[in-house]
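Contents: one structure, followed by commentary.
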Amino acid sequence: MSVNSKRVFYVKYLANPIYIDILKARPDVRLDRIENESPADFYAPILSAAHVYQIGAARDELAPHFHVDATFLKRTPNLLLVSSNGAGFDPVDVEACTNAGVLVVNQSGGNAHSVAEHALAMMLTLSKRIIQSDRRLRREPNVNRNELVGNEVEHKTVGIIGLGNVGRRIAALCKGLLGMKVLAYDPYLSPEVMAERGGEKVELDELLRRADFVSISCPLNKGSRNMISVREFGLMQPHAYFITTARGFIHDEDALLGALRDKRIAGAGLDVWSKEPPPPEHPLLQFDNVLASPHTAGVTIEARQNMGRIAAEQVLETLDGKRPPRIINPDVWPVYAARFKQAFGVAPG
């Protein structure tokens with residue numbers, strides 16, 4: 001294979017510089033960087049020649065014309081692979097990629113422990129009322145500690161929606177560290193698999209009714225969009241907390257606002273938003289019983305390095321003709337394989 005014959009590009013940022021280091025070790029791979037503000041005469045030739053797009057997972061950090069949709073794919077006739085920086089792939093229209101014969105992969109599992117730790121930290125902070133205590137101490141004199149009585153998390157019930165890489169780690173932490181009972185809703189897993197992952201399989205309504213903490217860790221797709229809305233918040237117990245480290249739009253922000261305003265639930269821990277980051281005047285940020293972070297659950301030094309490494313390794317494996325381990329649209333494989341052979345002269349295995 002000739003030098004720089006395999007073309008990879010990214011826009012604005014990567015999970016970690018280790019991605020560049022790994023790809024630079026390969027003389028047959030060329031890596032190009034584009035900025036959100038780059039002019040079309042600069043990026044058009046890169047898009048036209050590219051085989052791989054290493055795309056950011058955060059939709060609001062990427063200029064709309066670099067989101068992958070049917071229009072974008074017309075500008076990338078040689079594109080074979082779209083690889084998300086993270087576990088999510090919000091800026092990617094997977095159906096459009098499948099129709100174009102383009103494989104989509106993510107880095108699921110690479111930041112799972114960081115996200116699980118964040119979810120647990122939110123549970124503890126809310127239950128112990130640490131966030132309310134901190135805020136009152138900063139703005140009031142002579143705070144009465146008896147007005148800030150919290151609850152222990154030990155032996156409580158956590159309901160986990162989505163028992164994949166993140167959900168199973170949340171289950172392990174909650175069960176192993178705190179002896180919590182773990183209920184889980186995941187329509188794609190059998191009761192036996194869910195038991196192996198530490199959760200008791202239940203339907204969504206039962207989980208919402210029984211859980212002291214409801215934690216979202218499923219991907220955003222057509223089935224999960226607005227899955228938690230007015231009806232679902234109405235099923236939760238008044239003392240229960242809602243935690244999400246998954247994706248915005250899985251829960252209805254207006255419905256959550258109503259549940260908090262009417263004291264139908266005890267509070268919320270929110271790492272993901274419909275617009276990221278949310279503005280300071282966002283209505284949900286006005287509640288002292290809302291713990292907020294700007295989609296940073298998976299943003300740790302360790303997770304970023306891990307994500308960059310596995311992303312680079314998966315791209316190189318794919319360019320070498322191997323079947324990558326984290327395919328989002330496996331149905332596209334036959335068409336993709338034919339396009340790969342046309343591009344490189346060999347069929348992927």
Side-chain angles (χ1 to χ4, degrees), residues 11-13 15 35-37 56-64 66-67 85-88 90-91 111 114-144 147-148 150 166 213-217 220 224-230 232-233 236 240-301 303-304:
V11 178
K12 189 176 178 180
Y13 74 99
E35 301 295 340
N36 275 331
E37 303 80 14
R59 60 187 178 274
D60 293 323
E61 293 181 357
L62 192 64
F66 290 125
H67 288 210
N85 282 347
D90 293 14
N111 64 358
S114 291
V115 177
E117 284 186 353
H118 199 94
L120 180 60
M122 283 185 153
M123 291 183 207
L124 290 166
T125 300
L126 288 165
S127 186
K128 296 286 290 180
R129 302 189 70 183
I130 295 171
I131 188 69
Q132 291 100 319
S133 299
D134 178 86
R135 288 170 178 170
R136 287 190 60 177
L137 279 173
R138 292 174 186 273
R139 68 193 183 202
E140 298 177 19
N142 304 315
V143 173
N144 182 355
E147 295 175 354
L148 293 162
V166 173
F213 300 89
V214 173
S215 179
I216 309 293
S217 59
L220 173 64
S224 64
R225 184 176 288 270
N226 281 333
M227 177 171 59
I228 308 298
S229 192
V230 174
E232 288 72 28
F233 284 120
M236 291 177 61
Y241 291 96
F242 175 76
I243 312 289
T244 179
T245 53
R247 279 295 185 272
F249 297 109
I250 292 175
H251 71 282
D252 181 329
E253 289 187 353
D254 288 337
L256 175 58
L257 179 65
L260 290 165
R261 185 185 56 234
D262 298 340
K263 296 182 170 53
R264 295 197 299 272
I265 63 173
L270 308 175
D271 183 56
V272 292
W273 306 81
S274 59
K275 177 173 175 48
E276 295 177 348
E281 63 272 14
H282 193 292
L284 288 169
L285 294 177
Q286 313 314 308
F287 290 86
D288 277 355
N289 57 342
V290 170
L291 176 60
S293 53
H295 206 153
T296 54
V299 182
T300 61
I301 293 171
R304 279 288 177 90

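Reckoned from all heavy atoms, side chains included, excluding hydrogens, waters and symmetry mates.
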Return the [atom1] to [atom2] distance between [X] and [Y], rounded to the nearest 0.5 Å.
X    : Y    : atom1 : atom2 : result
M122 : F213 : CE    : CZ    : 13.0 Å
I130 : L124 : CD1   : CG    : 7.0 Å
E35  : Y13  : CD    : OH    : 12.5 Å
I243 : S215 : CD1   : OG    : 6.5 Å
I131 : L148 : CD1   : CG    : 12.0 Å

Side chain of [X], backbone of [Y]: donor and acceptor closer than 3.5 Å?
X    : Y    : value
H251 : T244 : no
S133 : R129 : yes
N36  : E61  : yes
D262 : R264 : no
D271 : T296 : yes
N111 : S114 : no
E232 : S229 : yes
E117 : G298 : no
W273 : H295 : no
T300 : A303 : yes

Please report the C-alpha distance between L284 and L270 in whole Å, then the side-chain angles of each, then the deciding distance to 0.1 Å, and finally whether the side chain to side chain contact (heavy atoms under 4.5 Å, CB included) criterion is met. CA-CA 9 Å; L284 288 169; L270 308 175; 3.9 Å; yes
Are the charged groups of R135 and E140 less than 4.0 angstrom apart, N to O? no
Are the side chains of [Y] and [X] in contact, using a 4.5 Å heavy-atom criterion?
X    : Y    : result
P294 : E276 : no
F249 : R59  : yes
S217 : V115 : no
Q132 : N289 : yes
K12  : F66  : no

Over all heavy atoms of both residues, which pair between [X] and [Y] is shortest? Give the atoms and the distance, please.
X    : Y    : answer
V272 : A246 : CG1-O, 3.4 Å
S274 : D60  : O-OD2, 4.2 Å
L126 : Y241 : O-OH, 3.3 Å
P91  : L62  : CB-CD2, 4.0 Å
I265 : F242 : CD1-CB, 4.2 Å
L260 : G267 : CD2-CA, 3.7 Å

Step by step, would you call I250 with N226 a side chain to side chain contact (heavy atoms under 4.5 Å, CB included)? CA-CA 5 Å; I250 292 175; N226 281 333; over 6 Å; no
Would the number of heavy atoms belonging to other residues, nucleotides or ligands and lying under 6.0 Å from CZ of R139 be above 12? yes
Run the side-chain hydrogen bond (donor to acceptor under 3.5 Å, both in side chains) check on E253 and H282 step by step: do they pass? CA-CA 10 Å; E253 289 187 353; H282 193 292; 2.9 Å; yes
